Amino acid sequence: MEFTINQIAAMLGGVVKGDGNLKINMLAKIQDAKPGQIAFLSNPKYEQFIYTTHASAVIVSNEFVPRKEITSVLICVRDPYNSFTVLLQEYYKMVSFQKTGIEEPSFIGKGSTVGESVYRGAFSYIGNNVRIGDNVKIYPHVFVGDNITIGNNVILHPNVKLYADTKIGNNCVIHAGVVIGSDGFGFAPQSDGTYKSIPQMGNVIIEDDVVIGANTVIDCATMYGDSTIIRQGVKLDNLIQIAHNVEVGKNTVIAAQSGISGSTKIGEHCVIAGQVGIAGHIEIANNTSIGAQAGISKSIKEEGQKLIGYPVFDVKDYFRSYAVFKRLPDLNERLRQLEKVVNGVKQENPVINDSAPS
Amino acid sequence: MEFTINQIAAMLGGVVKGDGNLKINMLAKIQDAKPGQIAFLSNPKYEQFIYTTHASAVIVSNEFVPRKEITSVLICVRDPYNSFTVLLQEYYKMVSFQKTGIEEPSFIGKGSTVGESVYRGAFSYIGNNVRIGDNVKIYPHVFVGDNITIGNNVILHPNVKLYADTKIGNNCVIHAGVVIGSDGFGFAPQSDGTYKSIPQMGNVIIEDDVVIGANTVIDCATMYGDSTIIRQGVKLDNLIQIAHNVEVGKNTVIAAQSGISGSTKIGEHCVIAGQVGIAGHIEIANNTSIGAQAGISKSIKEEGQKLIGYPVFDVKDYFRSYAVFKRLPDLNERLRQLEKVVNGVKQENPVINDSAPS
Amino acid sequence: MEFTINQIAAMLGGVVKGDGNLKINMLAKIQDAKPGQIAFLSNPKYEQFIYTTHASAVIVSNEFVPRKEITSVLICVRDPYNSFTVLLQEYYKMVSFQKTGIEEPSFIGKGSTVGESVYRGAFSYIGNNVRIGDNVKIYPHVFVGDNITIGNNVILHPNVKLYADTKIGNNCVIHAGVVIGSDGFGFAPQSDGTYKSIPQMGNVIIEDDVVIGANTVIDCATMYGDSTIIRQGVKLDNLIQIAHNVEVGKNTVIAAQSGISGSTKIGEHCVIAGQVGIAGHIEIANNTSIGAQAGISKSIKEEGQKLIGYPVFDVKDYFRSYAVFKRLPDLNERLRQLEKVVNGVKQENPVINDSAPS
């Protein structure tokens, strides 16, 4: 990146105080910034740094009134933190999508087409009859199987593996080592104790705006014509297992190392923490929040619950129960003491127990 | 695939009603099928669809009597569901094994041999002194290290990584991203607080008919001459960890994200659910069934148990205990009430506790 | 490897009894050894094998006095087990680092440099402005992104993926499928229920002597200039998740499938078992030992604790509580019996409860 301060100010709708023709090539924190870099000042705690920073430019609030001399050029905006975030995002997008062209050797099969501004890294492999949209970035060692469709503005990081027939929407980011479309885990037990593989012939559909973390695996659906579906806006962290025929609803977020078993349907706007396990053939209602390491064995029908435990129940109740769990040996001892007392009473004064005194 | 209906009927031992010369190129569900496709009708609930389906052929029971006109050709068999499954399996096998030949660039080292009908995808790597059998499919980006032996009819999906000296039997399917033969996790603590790596010089043996899910890892044995062994017919799901010197017995099935620690021996016909953890240096008896997220810290000696919890015990007992766990705050309160009563009694009527009234 | 027995004896400071000019090409266990191999005898239990072994040489204690004829050449040392381990380590190092040179096709970008004795396997990819030290082994399908620095004596096993800007020290071993530098899982919730990705612009620093197991993932830090840091001597097992901005302290060991959430700081010399989950933004004191499948939700401030459970507490207390948990239905029943007795007393003899008899 290389922009003048004036160009950046125009982008942010800000006002420049100082030489707007200086060039900026990087973003930085105000305490670390070097010449050629731009920083921001939002939290007053950091004000001291604006008088000593080497940043060429600092984004400040319209209200900011310097108490000492400042050598940096200022860009005055309504909300400096928000403006810096916008800048970060633009910069990140620029960096992420900067590669174009074809590095050799790379492989593309028969009948496959790619759009404009596509990057195909060295050793990337595209099978037959693949449709790839515009501005797609295919890093080295990516495998795209036959009959796959990929939308626009998609990033496939190094070594993503897409089995045949996968469909990927627009604006998706898929991280290194992700496997999409591998066989579901389906085996028919035979009378001799062995298992026969059930053919896994469906596919996986990833809708728009989905992010998938490194080394996560998403299995294909079992039947031809069926799909494992990751809905629009879903964010999956690293090392997650999504089994065959699962559907994850819109804008649901799942943290690392969680696993969803076959044919389960997760609702929209759910938040699932790390290392959670969810059984097969169940449904999780919208807006469900599931705590770390929880295990879910039955459908969650009521929306908006916060759950934890194995099997899960209300998170507050879990911690109340767990507080007692930690004192169980004490509880047990108290019970024994009571038994001693009461049984002592019983033995020594049988009348109390066996018949009412008149 | 492209077969005539007559050919398919012959394969299934069925009788054709209609034009057996029509060509079939795909399997489908009866409600979705298009011309050129074959479907089946087994469940009477779906009978309505046979009168409107666009399938070129439908597999039906010998007993089936149409109540309206049907445009599809019928193949009459004893068990339509079973026949369709046979067809599915044949089709799947055909699709899975259809690739042959060598895509370039690919790499093969010195002294390595491959059998008949082998596929070697672009960017696949085969080291030195490797023996590969017939009908093996090596997808792009697969790495086969030195001195490896692979049997017949094996599929190595994209990006499988086999470290040197691995042995793989016949009819195995190994999914994308699987790592076999990586170093076991062995470190000798030193007096200065650091750890020295213990050389991991053994290998991994995968017997016949094993399926291994995507991104699963199987470490090699520690000592030269020893092996981590996956016995015949074992099915491993995705993202599983198998540590050094583990042995998994015949026809055992392990679900996703479970982990087996070093030197543990799992029996035959065990069923291990997802996210289970098993400690090192123990043995699990045959036919053991372990529930999701369970943790096993000691050997399971009695066969045929169903276990769960951490550490595991009988699954029914676990759920009975857990039912009480959920009410522990209530239990605690009941205990306090009793204590109040009884201690109230004690304080107010010390005689009852300290000596028997006569 | 091929050494004479004399050369090996010199390396171990041992004394040869027999023909020191015989050649050795492999290490083996005494009961399995073949001609050309060297074994050791330490445990007296195995003495029987020294009289029948086919090993060309056996390492024995200086004190060892044969009771029968031995055909193998002996190397007498102070501690045979330790000597054999030294030999194992030397052999392993030799094997691990034996590959050198460049296999084609391989890819190297602009402005990148590699040191002496480097191996670059076929289909390996090195981006732009990369600095690679001496004796680095880059196996096939490895991806090294732009602006990366790698020290000396590092092994990158097949298919390791390093995102741009990663820094790796000396003597590190990184196993197949490891991903370093993927985006942290950071998303800003928007008012319409969607999430916006927070740009992840930091990097990952791996210090010297670190081992990272297969398919483990380490995310980059969020802010430009910040780093996720794995300190010197850390050993990570397979399939571990290390989130953005985490720091793992010196010589800490983490077993397979554990996960550390964002911005958490793990102390030095900690031992973390398998499938452990640690929440974000907390600190774990030095020398903390965490049991398998434990969940940590709050900072651990006191050093040297042994913890387990979810959330964790003292491991002995956990097992005491768990022992009672297993008997909870019984506890509940005992409580009910007591209630019956005491409430029976209450109902039948209200005087006892409500007022003291005089």
Side-chain angles (χ1 to χ4, degrees), chain A residues 26-29 32 85 88-89 91-93 95 103-105 121-123 139-141 157-159 173 175-177 209 211 213-215 233 235 237-239 250-251 253 255-257 268-269 274-275 292-293 322 325-329 331-332 335 338-339 342-343 345-346 352-353 355-357, chain C residues 105 107 123 125 141 143 145 159 161 163 177 179 182-183 185 187-188 193-201 215-217 219 223-225 239 241 243 257 259 261 275 277 279 293 295 297 309-311 313 317-318 320-325 327-328 331 334-335 338 341-342 344-345 348-349 352:
Chain A
M26 182 49 79
L27 299 94
K29 290 188 280 191
D32 302 335
T85 304
L88 263 178
Q89 265 155 355
Y91 175 70
Y92 185 70
K93 213 181 287 177
V95 170
E103 291 169 354
E104 293 296 356
F123 316 122
Y139 277 79
H141 308 122
H157 279 283
N159 188 38
V173 178
H175 279 283
D209 308 321
V211 174
N215 283 353
K235 314 297 179 195
D237 202 349
N238 304 326
L239 292 163
K250 272 189 182 180
N251 297 314
V253 173
Q257 297 178 318
E268 303 184 355
H269 296 104
Q275 297 183 336
Q293 299 188 322
Y322 196 76
F325 171 82
K326 290 170 76 168
R327 293 182 288 119
L328 274 184
L331 217 77
N332 189 39
L335 187 57
L338 269 190
E339 284 172 331
V342 173
N343 290 341
V345 169
K346 277 174 66 182
I352 293 179
N353 189 35
S355 66
Chain C
F107 186 100
F123 317 123
Y125 182 102
H141 307 123
F143 172 86
N159 187 39
K161 306 289 157 192
Y163 279 56
V179 175
S182 42
D183 281 1
F185 197 61
F187 300 95
T194 65
Y195 292 87
K196 212 175 209 169
S197 291
I198 297 168
Q200 301 290 317
M201 303 173 65
N215 283 351
T216 279
V217 177
D219 282 346
M223 276 297 292
Y224 181 83
L239 292 164
Q241 149 77 353
Q257 297 178 319
S261 306
Q275 298 183 335
Q293 298 188 322
S297 52
Y310 178 71
F313 58 108
D317 289 339
Y318 175 86
R320 277 188 204 109
S321 279
Y322 195 76
V324 182
F325 171 81
R327 293 182 287 121
L328 273 184
L331 217 78
R334 283 160 56 203
L335 186 57
L338 270 190
V341 173
V342 174
V345 169
E348 292 156 354
N349 189 12
I352 292 178

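Just so it is clear, the values below take in all heavy atoms, side chains as well, and ignore hydrogens, waters and symmetry mates. These figures come from a predicted structure and were not determined experimentally.
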ask   = Heavy-atom distance under 4.5 Å to chain A: side chain of C/Ser261, backbone, both or neither?
value = neither

query = chain A heavy atoms under 4.5 Å from C/Leu338: which part of the residue, side chain, backbone, both or neither?
reply =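 For C/Leu338, the side chain is the part near chain A, not the backbone.
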
message = Around atom OH of C/Tyr195, are there more than 12 heavy atoms from other residues, nucleotides or ligands closer than 6.0 Å?
response = yes

query = Just wondering, more than 12 heavy atoms not from A/Lys29 lying within 6.0 Å of its NZ?
reply = yes

query = Do the ring planes of C/His141 and A/His141 sit parallel (below 30°), tilted (30 to 60°) or perpendicular (above 60°)?
reply = perpendicular

ask   = Taking the inter-plane angle between the rings of C/Tyr125 and C/Phe107 on a 0 to 90° scale, is it parallel (under 30°), tilted (30 to 60°) or perpendicular (over 60°)?
value =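 Plane angle under 30°, so parallel.
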
message = Measuring only between side-chain heavy atoms, which start at C-beta, is A/Val173 closer than 4.5 Å to C/Ser197?
response = no

With respect to chain A, which residue among [options] yields the maximal number of heavy-atom pairs within a distance under 4.5 Å?
{"options": "C/Gly295, C/Gly225, C/Gly193", "result": "C/Gly193"}
{"options": "C/Ile198, C/Asn159, C/Asp183", "result": "C/Asp183"}
{"options": "C/Ala323, C/Ala243, C/Gly309, C/Gly277", "result": "C/Gly277"}
{"options": "C/Tyr322, C/Tyr318, C/Phe187", "result": "C/Phe187"}
{"options": "C/Phe313, C/Phe185, C/Phe143, C/Phe123", "result": "C/Phe185"}
{"options": "C/Thr216, C/Asp219, C/Leu328", "result": "C/Asp219"}

Interface moiety of [X] toward chain C, non-hydrogen atoms closer than 4.5 Å:
{"X": "A/Pro329", "answer": "both"}
{"X": "A/Glu339", "answer": "both"}
{"X": "A/Phe325", "answer": "both"}
{"X": "A/His269", "answer": "side chain"}
{"X": "A/Gln275", "answer": "side chain"}
{"X": "A/Leu239", "answer": "side chain"}
{"X": "A/Glu268", "answer": "neither"}

Do you know which two heavy atoms are closest between [X] and [Y], and how far apart they sit?
{"X": "A/Ala214", "Y": "A/His175", "answer": "N-CB, 3.5 Å"}
{"X": "A/Leu88", "Y": "C/Met201", "answer": "CD2-SD, 2.9 Å"}
{"X": "A/Tyr92", "Y": "C/Gln200", "answer": "CE1-O, 3.5 Å"}
{"X": "A/Glu103", "Y": "A/Ala122", "answer": "OE1-N, 3.0 Å"}

request  = Answer yes if the side chains of C/Arg334 and A/Asn332 hold a donor-acceptor pair under 3.5 Å, and no otherwise.
outcome  = yes

